[in-house]
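I have placed the structure first, in the form of structure tokens, so that the comments after it can refer back to it.
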2 protein chains.
Amino acid sequence: MNVKTLCLGALSLGEHTGYDIKKLFESTFSHFYNASFGSIYPALKDLEKAGLVRCRVEPGQGHPDRKLFSITPKGHEALVEELRHEPPAEHCRSGFLALMFFAHLLPTDRLRQVLDEVEARYGEELAYLESIRHCPENPAGANFTIEHGIAVYRAALAQIRDQRDALLAHHRDIPEAFGEVLT
Amino acid sequence: MNVKTLCLGALSLGEHTGYDIKKLFESTFSHFYNASFGSIYPALKDLEKAGLVRCRVEPGQGHPDRKLFSITPKGHEALVEELRHEPPAEHCRSGFLALMFFAHLLPTDRLRQVLDEVEARYGEELAYLESIRHCPENPAGANFTIEHGIAVYRAALAQIRDQRDALLAHHRDIPEAFGEVLT
DNA sequence: TCGAACATGTAAAAGGTTACATGATTAC
DNA sequence: GTAATCATGTAACCTTTTACATGTTCGA
């Protein structure tokens, strides 16, 4: 799965600008995919060159012309074909868990700060997903991803809240200097 | 967080070869980070050049010499410093949820196959994490990441098992051809 | 008046994967 | 005899991020 396919997928939902698609990545897609302008705009350009999307220009008022992209029949076919063969692979890299793995190397304050930050972030993501769930106009698959996100964030938050106090209580600050102990 | 920092972290646990570190990524780290040989070996080389790790060569029996890397005091300092400043960012891209979002574009058989595949994979990951939990020699942080993984996989599996039948029951195969409906 | 939202785009760099090259040993 | 495990490494490629460039409108 890549940005190009997801842009095509976004356009299968209706006509959108690159800016709109960025907002989609930041909202509905945010718990399972991210993309920056630097990958979205070139993706749209490639898709247009390949004839999978077409573009209609709307004069801009005080900002660049809006380029409204829509999917073509060929694009729809290509999307269906890709979804049929794309393996459900996951590339999850959690800086949070990587940091936690080495908790014994962190100062206590820093450990607390990391836990606070992640708890707050997951809380926000969860609140957002809860605010958009049970939406009748969503296709069934979209609701599945929302429920999945809610289930996962709830479990993650519960685990963090459950373990944080014990973790902090047993935590010892590392000594300031190590000298040549490990030489 | 990147492969270089995690290699340094791996070596903070003891002397290891690049091959060992790869196995660590595939086991203990697998639910929050992945890395291939193509990134591990160059990372180790860079770390050695920077004086953060050193290398001891053990003659190989029927295979290339084993290069045993260990962290230097300077490397330990650099690791602690990086962990202190690295933000707990996450880059999770789930091909599974991306596919599910567009479930209405998938043939029913394919949808079932995706669900089966992911359920099996999560089940294996969960079983693995459950097999290594409560290990006394693990640092507290490592156990935190294991418990976190267990909580998240359990929730994910429960959600999939809870929704899959309803999802499949209401699913309609897409028509074979679209023609010019969207033109 | 200051920042956020709207809107597009490029170029360089970072980071990593995939595929390749090599080859012995061990377990089934 | 065939596949997996052990063991290292490179090079080309791919994808994506980051930083930059530009400029208006609207709300606090």
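Naming convention: chains lettered A, B, ... in sequence-line order (proteins, then strands); numbering from 1 in each chain.
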Value in whole Å for how far the [atom2] atom of [N] lies from [atom1] of [X]:
X: B/Glu48; N: D/dT8; atom1: CD; atom2: P; result: 13 Å
X: B/Lys22; N: D/dA4; atom1: NZ; atom2: C1'; result: 14 Å
X: A/Asn2; N: D/dT17; atom1: CG; atom2: P; result: 12 Å
X: B/Asp65; N: C/dT22; atom1: CG; atom2: P; result: 18 Å
X: B/Ile21; N: D/dC6; atom1: CD1; atom2: C1'; result: 15 Å
X: A/His63; N: D/dC26; atom1: NE2; atom2: P; result: 10 Å
X: B/Leu68; N: D/dA7; atom1: CG; atom2: P; result: 9 Å
X: A/Tyr19; N: C/dA5; atom1: OH; atom2: P; result: 7 Å

Do the side-chain N or O atoms of [X] get closer than 4.0 angstrom to the phosphate oxygens (OP1, OP2) of [N]?
X: B/Arg93; N: D/dT15; result: no
X: B/Lys45; N: D/dT10; result: yes
X: B/Lys23; N: D/dT5; result: no

**Prompt:** Can you tell which of C/dA7, D/dG9, C/dT10 lies closest to the side chain of A/Arg66?
**Reply:**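 Taking heavy atoms from C-beta onward, the closest nucleotide is C/dA7.
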**Asked** With a cut-off of 6.0 Å (strictly less than), are more than 12 heavy atoms of other residues, nucleotides or ligands near NZ of A/Lys22?
**Response**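 Atom NZ in A/Lys22 is crowded, with more than 12 foreign heavy atoms closer than 6.0 Å.
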**Request:** Look at atom NE2 of B/His85 and say whether more than 12 heavy atoms of other residues, nucleotides or ligands are closer to it than 6.0 Å.
**Result:**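 Counting other residues, nucleotides and ligands, NE2 of B/His85 exceeds 12 neighbours.
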**Asked** Counting only non-hydrogen atoms, which of residues 27-39 of chain B are less than 4.0 Å from DNA chain C?
**Response**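 Only B/Tyr33, B/Asn34, B/Ala35, B/Ser36, B/Gly38, B/Ser39 qualify.
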Return the orientation label for the [X] and [Y] ring planes: parallel under 30°, perpendicular over 60°, tilted otherwise.
X: B/Phe29; Y: A/Phe101; answer: perpendicular
X: A/Tyr33; Y: A/Phe25; answer: tilted
X: B/Tyr153; Y: B/His31; answer: tilted
X: B/Phe37; Y: B/Tyr41; answer: parallel

Are any side-chain N or O atoms of [X] and backbone N or O atoms of [Y], one a donor and one an acceptor, separated by less than 3.5 Å?
X: B/His171; Y: B/Leu167; answer: no
X: A/Gln159; Y: B/Phe144; answer: yes
X: B/Ser27; Y: B/Lys23; answer: yes

**Prompt:** Of B/His91 and B/Tyr41, whose nearest nucleotide on DNA chain D comes first from the 5' end?
**Reply:**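 Nearest-nucleotide comparison on DNA chain D picks B/Tyr41.
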**Request:** Have a look at the helix from C/dT1-D/dA28 to C/dC28-D/dG1 and give the angle its two end axes make, five pairs each, rounded to 10 degrees.
**Result:**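 Axis-to-axis angle, ends of the helix: 60°.
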